[in-house]
Amino acid sequence: MPPEDASRHTLRAAVLGAGSWGTTFAAVMADAGCTVTVWGRDEKTCRQITEDHRNEGYLPGVELPAGVTATTDVRAALAGADIVAVAVPSQVARRTLEPLRDAIGPSTVAVSLMKGVELSTDRRMSEVVAEALAIPQDRVAVVSGPNLAREIARRQPTATVIASTSDATAQLVARACASSYFRPYTNRDVVGVELCGAVKNVIALAVGISQGRGLGYNTMATVITRGLVEITRLGLALGADADTFPGLAGMGDLMATCASPDSRNHTLGGHIGRGMSLDEAIAATGGTAEGVKSCRSVLELATSLGVEMPITHAVVRVLHEGLPVDQLAPLLLARPHKAEGA
């Protein structure tokens, strides 16, 4: 459980991952009063964060709070941390975290900033974090919502959801990131919040592909709305709370990711729609578009549960099975006629 005296001292946080979202969340926690150390692999980036209070590679033009420093020494970053936020690509999370089990304090809380489902295991990221660090689920929290990193880094107002099976853990993380521009809400539905974060990336790819082909807002609205149905269907099959899906972690995050040019998944989908190969689109997008890999693990999970997810299936076929992009929309519209709520 979180330390009982956590409210009596300045929280110390470590962020694993010096990309756009990891750096942004570090800045959010510093603005909330925490002392924050970011771990990154690139020495130049870490030095720039510490000395210049910038991360020009991922957040150009953004000044970071003085309370954020960075290091390439992961154990130094973790030393004495009350909270460890994990912002590495979801498919490398397990092998990144497993060697660090002995560096995590006995009451340290781990926070997953990742949005994906692990290939080969179909584990959600909170499960991966708990297993990799060998800590109980009640010391793990998930952050998810309409949280585009570049907007938050510029201190534009937004809200988020912090989900944990432990109210004390969720409240500790909420305290660590609450500020005048970042409003956390707590939630016990870890399954629903995580699935929303993972699957919305896949839906954003579909929206991007359709817009890359020149299709308009009617198509976008159709894909977003039916995408939410897919997310809800899978979540309910796994025991999630139905109230999560129309909320910030569900519809809120889905709308932001599907509509914003700052969304890497939307951007990559647009490149695919305009005729790039997957490798070309990844290179042109820069950074990690989690939906590219997660679409396969999400589909595997849905298939194992007997849940129908036609948009997700179509994205997998376009990205990984050679389906021509021009067949994406007709494939979805050619589905059998039925009542909307069926």
Side-chain angles (χ1 to χ4, degrees), residues 2-3 5-88 93 96-97 100 103-105 107-114 129 133 139-145 147-156 158 160 162 164 169-184:
D5 62 346
S7 62
R8 303 174 196 167
H9 71 278
T10 298
L11 292 173
R12 169 157 167 66
V15 177
L16 305 185
S20 57
W21 184 214
T23 304
T24 296
F25 198 72
V28 167
M29 289 193 290
D31 282 341
C34 300
T35 299
V36 188
T37 303
V38 177
W39 168 73
R41 298 184 186 276
D42 184 70
E43 185 173 346
K44 180 180 177 181
T45 299
C46 291
R47 187 168 58 250
Q48 187 180 65
I49 291 172
T50 300
E51 296 177 0
D52 302 331
H53 308 301
R54 292 183 178 275
N55 185 344
E56 291 295 329
Y58 288 96
L59 297 171
V62 172
E63 184 172 354
L64 302 173
V68 177
T69 59
T71 179
T72 56
D73 184 341
V74 66
R75 290 178 177 271
L78 292 171
D82 301 295
I83 295 171
V84 176
V86 185
V88 300
T96 300
L97 297 176
L100 303 175
I104 301 295
S107 60
T108 301
V109 165
V111 180
S112 172
L113 303 179
M114 302 170 289
V129 169
L133 293 178
R139 282 171 50 200
V140 179
V142 175
V143 174
S144 194
N147 300 152
L148 295 165
R150 291 184 182 180
E151 293 184 7
I152 297 171
R154 292 179 173 85
R155 295 175 173 81
Q156 295 181 16
T158 192
T160 198
I162 297 170
S164 177
T169 294
Q171 289 163 8
L172 178 69
V173 178
R175 175 195 158 199
C177 66
S179 72
S180 61
Y181 63 92
F182 196 82
R183 169 64 160 92

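For reference, positions follow the sequence shown, starting with 1.
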Rounded to the nearest 0.5 Å, what's the gap from CZ on Arg139 to CD1 on Ile83? Could you check? 12.0 Å
Would you give the length of the straight line joining atom CD of Gln48 to atom CG of Leu64, rounded to the nearest 0.5 angstrom? 8.5 Å
Exercise: identify the closest heavy-atom pair between Met114 and Val129: CE-CG2, 3.8 Å
Sequence neighbours excluded, which residues qualify as side-chain hydrogen bond (donor to acceptor under 3.5 Å, both in side chains) partners of Asp52? none
Full working for side chain to side chain contact (heavy atoms under 4.5 Å, CB included) between Leu100 and Trp39: CA-CA 13 Å; Leu100 303 175; Trp39 168 73; over 6 Å; no
Residue list, salt bridge (charged side-chain N to carboxylate O under 4.0 Å, His left out) with Arg12, at least two apart or on another chain: none
What pair of heavy atoms forms the shortest contact from Val68 to Val38, and how long is it? CG1-CG2, 3.9 Å
Partners of Ser144 by side-chain hydrogen bond (donor to acceptor under 3.5 Å, both in side chains), sequence neighbours excluded? none
Could you list the donor-acceptor pairs under 3.5 angstrom formed between side-chain atoms of residues 26-36 and any protein atom two or more places apart in sequence or on another chain?
residue, atom, partner, partner atom, Å
Asp31, OD1, Arg155, NH2, 3.4
Asp31, OD2, Arg155, NE, 3.0
Asp31, OD2, Arg155, NH2, 3.1
Asp31, OD2, Tyr181, OH, 2.7

Scanning both residues in full, the closest heavy-atom pair of Ile104 with Thr108 reads CG2-CB, 3.7 Å
Could you pull out all residues at least two apart from Thr24 that satisfy side-chain hydrogen bond (donor to acceptor under 3.5 Å, both in side chains)? none
To the nearest 0.5 Å, how far apart are CG in Leu16 and CG in Leu78? 5.5 Å
Around atom CZ of Arg54, are there more than 12 heavy atoms of other residues, nucleotides or ligands at under 6.0 Å? yes
For Trp21, check ring pair (Phe, Tyr, Trp, His ring centres under 6.0 Å) against everything at least two apart and list the hits. Phe25
How close do Ala141 and Val173 get, counting heavy atoms only, and between which atoms? CB-CG2, 4.0 Å
State the CG-OG1 distance between Leu59 and Thr23, to the nearest 0.5 angstrom. 5.5 Å
Sequence neighbours left out, what pairs pass ring pair (Phe, Tyr, Trp, His ring centres under 6.0 Å) with at least one residue falling in residues 51-74? none
Close side-chain approach of Ser164 and Leu172, heavy atoms under 4.5 Å: no
Of all the heavy-atom pairs spanning Gly22 and Ala87, show the shortest one and how long it is. CA-CB, 3.6 Å
Looking at OG1 of Thr45 and CG of Asn55, how far apart are the two atoms once the value is rounded to the nearest 0.5 Å? 5.5 Å
Test side chain to side chain contact (heavy atoms under 4.5 Å, CB included) applied to Thr69 - qualifying residues, sequence neighbours left out: Thr37, Thr50
Using the test side chain to side chain contact (heavy atoms under 4.5 Å, CB included), find all partners of Thr72 that sit at least two apart in sequence or belong to another chain. Glu43, Cys46
Which atom of Leu133 lies closest to which atom of Ala110, heavy atoms considered: CD1-CB, 4.1 Å
By ring pair (Phe, Tyr, Trp, His ring centres under 6.0 Å), Phe182 pairs with (sequence neighbours left out) none
Please list all pairs passing the salt bridge (charged side-chain N to carboxylate O under 4.0 Å, His left out) test where one or both residues lie in residues 57-79, with sequence neighbours left out. Arg75-Asp102
Would you check if Glu151 and Thr158 make a side-chain contact, meaning some heavy-atom pair closer than 4.5 Å? no
Residues 16-30 vs salt bridge (charged side-chain N to carboxylate O under 4.0 Å, His left out), sequence neighbours excluded, gives none
Beyond-backbone contact of Val86 with Ser112, side-chain heavy atoms, under 4.5 angstrom: no
Please round to the nearest 0.5 Å and tell me the distance separating atom CZ of Arg47 and atom CD1 of Ile49. 11.5 Å
